[in-house]
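Read the structure below first, then the notes.
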Amino acid sequence: MTLPIAVLVSGTGSNLQALIDHIEDGTLPARITAVVANKPEAYGLTRARKHGLAAVGLPHAAFPDRAAYDAALLAAVRDSGAEAVVLAGFMRLLGPEFVAAYRGRILNIHPALLPSFPGLHGQGAAADYGVTIAGATVHFVDEIMDNGPIVIQAAVPARPDDDAKSLGERIMTLEHRIYPQAVNWLATGRLTIHGRKTRLAPADTPLADIGDVMPCLVNPPLEAGF
Ligand code: GRF
C-alpha cells in the first residue's frame with residue numbers, strides 16, 4: 001500500500017527532494033500525485049518535473065481572495081487523487097475548508113522547536129534570541145499557523161555566532177531526515193491524534209544511527225533508513 005500525497009511548495013523544495021529520494025529508494029511507501037506551488041517559478045516545480053511528477057503552478061495573485069484561492073487549491077489537490085497533504089515550505093496559511101477536507105492528514109515542517117518561534121524566519125528569530133538549542137518540528141496542520149499536534153522534533157545546537165543562514169543550514173540537515181520519517185509514519189498508519197498530542201504506534205524497526213549528523217536529539221527516534 002502506498003499513500004497518495006500532494007506536496008505543496010513555495011520555494012526551493014529541498015524537503016520535497018528528500019521525500020522523492022525516500023520514495024524512490026523504497027523507504028517511504030507514498031506516491032506523489034501532484035506538486036503544487038503558489039509561485040510558478042518555485043524550483044520545487046522543476047524538481048517535480050525532473051522526476052516525472054505532475055507540477056502545478058497555482059499563483060495566489062491570480063485569485064480575487066483567499067477563499068477563492070483555497071477552493072482552487074483544494075480542487076487541484078483532490079483532483080490529483082491525494083489522500084494526504086504535505087506542506088514543504090508552502091508559505092500560505094490553509095483556509096478552514098481545506099483543513100476540514102484533509103483534517104488529520106496534513107503535515108507541515110517548521111524550522112524551529114515549536115511552540116517557540118512560529119511564523120516566518122524561525123531560524124533567524126532563534127539565532128537572534130540567543131537560544132543554545134534550536135531545531136525543527138513536523139506537526140499536523142490545523143486552522144492556526146504552526147499550531148497542530150507535534151509528530152517529531154529534532155534539536156541542534158545553536159552557537160552565539162550563528163545567524164539565520166548558519167543555523168538554518170544546520171536545522172535543514174535534520175529536516176531532510178525527520179520529514180520523510182514523519183510521512184512514513186503517516187503513510188503506514190502509525191500516527192493517531194489525541195487532543196494536542198500525537199501517538200506513534202511502535203514497530204519492530206531498528207533505530208537509525210544519527211551520530212553521523214551532529215550531536216542532536218531527535219524524538220521519537222529515527223528508524224533505520226532515515
Ligand atoms: C524549510 O525550512 C521548512 O522548514 C520551512 O520552509 C523551508 C522550506 O525549504 N517550512 P525547502 O523549500 O524544502 O528547501
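In each ligand, atom 1 is the first atom listed, and ligand 1 is the first ligand listed.
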Among non-hydrogen protein atoms, atom 7 (C) of ligand 1 lies closest to Gly89 CA, 4.1 Å
Going by the rule side-chain contact (heavy atoms from CB on, under 4.5 Å), which residues pair with Ala67 if we only count those two or more places apart in sequence or in a different chain? Asp65
Go through the steps for Asp162 and Arg170 under the test salt bridge (charged side-chain N to carboxylate O under 4.0 Å, His left out), then give the verdict. CA-CA 10 Å; Asp162 269 328; Arg170 204 172 304 128; 2.8 Å; yes
Is the backbone N or O of Ile23 less than 3.5 Å from a side-chain atom of Thr27, with the two atoms forming a donor-acceptor pair by type? no
Near Pro111 (heavy-atom distance under 4.0 Å), the atoms of ligand 1 are 2 (O), 4 (O), 5 (C)
Considering residues at least two apart in sequence or located in another chain, which fulfil the side-chain contact (heavy atoms from CB on, under 4.5 Å) criterion with Ser14? Arg47, Met172, His176
Let me check something: do Ile152 and Leu207 share a hydrophobic cluster, defined by ILVMFWY side-chain heavy atoms less than 4.5 Å apart, either directly or through other members? no
Under 6.0 Å between ring centres: does that hold for Phe226 and His22? yes
Touching ligand 1 at all, Val9? Heavy atoms, strictly under 4.0 Å? no
Taking distance alone, with no angle check, do Met172 and ligand 1 share an N/O pair under 3.5 Å? no
Around atom 12 (O) of ligand 1, find the nearest protein heavy atom and jot down its residue, atom name and distance. Gly13 N, 2.7 Å
Nearest protein heavy-atom contact for atom 4 (O) of ligand 1: which residue, which atom, what distance? Glu175 OE1, 2.7 Å
Please report which non-hydrogen protein atom sits nearest to atom 10 (N) of ligand 1, along with the residue it belongs to and the distance in Å to one decimal place. Ile109 O, 2.9 Å
Nearest-contact summary for atom 14 (O) of ligand 1 - protein heavy atom, Å: Ser14 OG, 2.5 Å
Distance check, rounded to the nearest 0.5 Å: Ile109 atom CD1 versus Leu174 atom CG? 9.0 Å
What are the atoms of ligand 1, with element, lying closer than 4.0 Å to any heavy atom of Thr12? 12 (O), 14 (O)
